[in-house]
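Since we're looking at a predicted model, the values are computed, not measured. Each residue takes its place number in the sequence, starting with 1.
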Amino acid sequence: TSPIELNATDLLEQQMKLVKGWQWKSLFVKPEKMTVESVFKPVLAKTSTVKNQNRYAVMQNGKVLGSLKDMSVTTMYRVNMTDSATLHITGNKLNPQDEPITLDKGWNWLGYTPGFSASPAYALASASPQNGDIIKSQRGFAYYQDYDWIGTLTAMEPGEGYMYKAAANRTFYYPSVAPQHLDKAPRFISTVDSVWHFGQPDYHAYPNTMTVTSKIIKDGQEVHGADV
């Protein structure tokens, strides 16, 4: 019998689940061609807009128009779909230690290069967070205060995109080794946590979200926990 030659590669497939409307996405593999047209080619007919923090691309009649040409694994992209689809992206496995993340003072759009989930405390440890820093996803957020991340964002996930508000310029690297266990970020617990007085929002209907941190004052005293 003839021998079969097997060639091992470092290629991975990222499955990006896209729904109708807006979503915040990023890459944890590096395709051979990093153009918007090449990456989104399989779902181009259902894609309306792809934008990063400074540029955008729109799809019209099978063509990609706009100022956004090339993609990066270190940034987040807001993707608007006209219909749901699953995008299969094949590329080289990333080593997060080879992909520096630059933070400018103010808001930054971040990709998430690790192929594993991690708490903000673990994923952002080398960012040397400062009081007032904020990390947010499309559905949750956490802010840094007194050496801890506090909020509803409990884990950073492969393929998802994030916004980071930095108090100062800096550069950091995501970890390349997965945590032994996933620590959860602390969160506030409220007895009305699941009540939507104005109807539950459709996060995919909008490209932007708003983060609100507030205190509840009753009779001149701050209200906590189960008293909320």
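- Using a 30° and 60° split on the angle between ring planes, Y174 and F172 fall in the perpendicular class, above 60°.
- Rounded to the nearest 0.5 Å, atoms CD (Q53) and CH2 (W107) are 10.5 Å apart.
- When all heavy atoms are compared, the tightest approach of A166 to R170 is CB-NH2, 3.7 Å.
- A side-chain donor-acceptor contact under 3.5 Å links N169 to the backbone of K105.
- Residues Q23 and Q138 have side chains in contact (heavy-atom distance under 4.5 Å, counting atoms from C-beta outward).
- Between K33 and S38, the shortest heavy-atom contact is CB-OG, 3.4 Å.
- For Y162 (side chain) and E157 (main-chain N/O), a donor-acceptor pair under 3.5 Å exists by modelled atom type.
- Using a 4.0 Å cut-off between a side-chain N of Lys or Arg and a carboxylate O of Asp or Glu, D98 and K30 do not qualify as a salt bridge.
- No donor-acceptor pair closer than 3.5 Å links the side chain of H88 to the backbone N or O of Q15.
- Taken from OH in Y144 to OG in S128, the straight-line distance is 8.5 Å, to the nearest 0.5 Å.
- The minimum heavy-atom distance between S117 and Y112, with the atom names listed, is C-OH, 4.0 Å.
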Q | Test side chain to side chain contact (heavy atoms under 4.5 Å, CB included) applied to Y143 and K165, step by step | A | CA-CA 9 Å; Y143 67 91; K165 186 179 182 181; over 6 Å; no

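- S126 places a side-chain N or O within 3.5 Å of a backbone atom of Y173 that can act as its donor or acceptor partner.
- Using modelled atom types, no side-chain atom of Q14 and backbone atom of G91 make a donor-acceptor pair closer than 3.5 Å.
- Criterion: ILVMFWY side-chain heavy atoms under 4.5 Å apart, direct or through other members. Under it, W24 and V19 are not part of a common hydrophobic cluster.
- A 6.0 Å sphere centred on NZ of K69 holds more than 12 heavy atoms belonging to other residues, nucleotides or ligands.
- In this structure, E32 places its CD atom where only 12 or fewer heavy-atom neighbours from other residues, nucleotides or ligands lie under 6.0 Å away.
- Proximity of a side-chain donor or acceptor of R55 to a complementary backbone N or O of G66 within less than 3.5 Å is not detected.
- Looking only at side-chain heavy atoms (C-beta outward), P129 and W149 come within less than 4.5 Å of each other.
- For the atom pair CD1 of I134 and CE of M163, the computed distance is 9.5 Å after rounding to the nearest 0.5 Å.
- Listed by chain and number, the residues in a side chain to side chain donor-acceptor pair (under 3.5 Å) with K25 are E160 (sequence neighbours excluded).
- Clustering of Ile, Leu, Val, Met, Phe, Trp and Tyr by side-chain heavy atoms under 4.5 Å joins M71 with L12, M16, L18, L27, F28, V29, M34, V36, V39, F40, V43, L44, V50, M59, V64, L68, V73, Y77, V79, M81, L87, I89, L94.
- In terms of heavy atoms, P175 sits closest to Q97 at CA-NE2, 3.9 Å.
- Rounding to the nearest 0.5 Å gives a distance of 9.0 Å between OG of S26 and CE of M76.
- Atom CZ of F141 and atom CG of L153 lie 9.5 Å apart (nearest 0.5 Å).
- Between the side chain of T75 and the main chain of L110, no donor-acceptor pair closer than 3.5 Å is present.
- With P96 as reference, T113 is the one residue of I101, T113, V177 to meet the side chain to side chain contact (heavy atoms under 4.5 Å, CB included) rule.
- Side-chain contact between P120 and Y164: absent, with no pair of heavy atoms (C-beta onward) separated by less than 4.5 Å.
- Within the 4.5 Å cutoff, no side-chain heavy atoms of S176 are placed close to those of P114.
- Atom-to-atom distance recorded for L11:CG and T90:OG1 is 7.0 Å, nearest 0.5 angstrom.
- Counting non-hydrogen atoms of neighbouring residues, nucleotides and ligands closer than 6.0 angstrom, the CD atom of E37 reaches no more than 12 such neighbours.
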